Amino acid sequence: MNTKISVTLHSTLGIAISALCAVTLALVFARTEWKFVAPFLFAAILVLLASRFGPIISVVGSVLASIIFPLLLFSPLHSLRVANDTERATLAWMILLSVSASYLLFPSRSGGTGL
């Protein structure tokens, strides 16, 4: 029972760190012309977090970022709708890159699905 709580807390910490990184990147890049760089940089951060917390963090982190970035970074602001096709594609690439790289580089150690 203790190990299950430990694993849950460990995963929760990774998810919290990934959400904090997504908010920070969104706020930093919101006033620049380089908005499209933030999701790719975040994908790299998720892969690094996956090395420490496991590949499931990249799945949950990319889902959280796909909510955070439209709200804080892409227009229209404060909406989940992303008007620009390029920005939408950037979010899709972020999810694809982070999840696939995390599972390829750091497969689940438990032998299960990684959940």
Side-chain angles (χ1 to χ4, degrees):
M1 187 67 163
N2 246 352
T3 59
K4 189 162 185 115
I5 292 172
S6 176
V7 169
T8 302
L9 289 175
H10 189 70
S11 296
T12 303
L13 177 63
I15 292 167
I17 291 171
S18 69
L20 181 64
C21 289
V23 169
T24 303
L25 281 175
L27 294 176
V28 167
F29 282 94
R31 297 177 188 196
T32 68
E33 295 179 13
W34 297 90
K35 292 179 182 182
F36 68 92
V37 172
F40 292 113
L41 185 58
F42 185 70
I45 291 170
L46 283 176
V47 172
L48 288 173
L49 287 173
S51 71
R52 176 73 175 113
F53 296 101
I56 192 66
I57 298 306
S58 64
V59 174
V60 178
S62 62
V63 168
L64 286 174
S66 68
I67 294 169
I68 292 169
F69 286 153
L71 290 174
L72 300 177
L73 183 64
F74 297 133
S75 60
L77 291 179
H78 311 298
S79 170
L80 290 178
R81 184 178 167 272
V82 178
N84 188 324
D85 289 337
T86 305
E87 293 170 348
R88 252 193 321 266
T90 303
L91 288 174
W93 277 109
M94 174 198 65
I95 294 168
L96 179 67
L97 289 172
S98 64
V99 172
S100 60
S102 295
Y103 275 98
L104 287 172
L105 295 173
F106 312 107
S108 177
R109 293 180 189 110
S110 66
T113 60
L115 297 175

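The first residue in the sequence is number 1, and the count goes up from there. Keep in mind that what you see is a predicted model, and the values were worked out from it rather than measured.
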Polar side-chain atom of S102 near backbone of V99 as donor-acceptor pair, under 3.5 Å: no

Does the side chain of L77 come within less than 4.5 Å of L71's, by heavy atoms? no

Shared hydrophobic cluster for F42 and Y103 (ILVMFWY, side-chain gaps under 4.5 Å): yes

For the pair F69 and F74, name the ring-plane relationship: parallel under 30°, tilted 30 to 60°, perpendicular over 60°. perpendicular

Applying the 4.5 Å side-chain criterion to the ILVMFWY set and letting contacts propagate, would L104 and W93 be lumped into a single cluster? no

Kindly indicate whether the side chain of V59, heavy atoms from C-beta on, has any atom under 4.5 Å from the side chain of I56. yes

I'd like to check T32 versus V37 (side-chain heavy atoms, cut-off strictly below 4.5 Å). Are they in contact? no

Which atom of R81 lies closest to which atom of P76, heavy atoms considered: O-CD, 3.2 Å

Not counting sequence neighbours, which residues clear side-chain contact (heavy atoms from CB on, under 4.5 Å) with V23? List them please. L27, I68, L72

Just wondering, do F36 and E87 contact through their side chains at under 4.5 Å, heavy atoms? no

What pair of heavy atoms forms the shortest contact from A43 to M94, and how long is it? CB-O, 4.0 Å

Tell me the closest heavy-atom pair linking L49 and G14, and the distance in Å. CD1-O, 4.3 Å

Taking side-chain contact (heavy atoms from CB on, under 4.5 Å) as the test, write out the residues that go with L48, two or more places apart. none

At their closest point, which heavy atom of L46 faces which heavy atom of S62, and how far apart are they? CD1-N, 3.6 Å

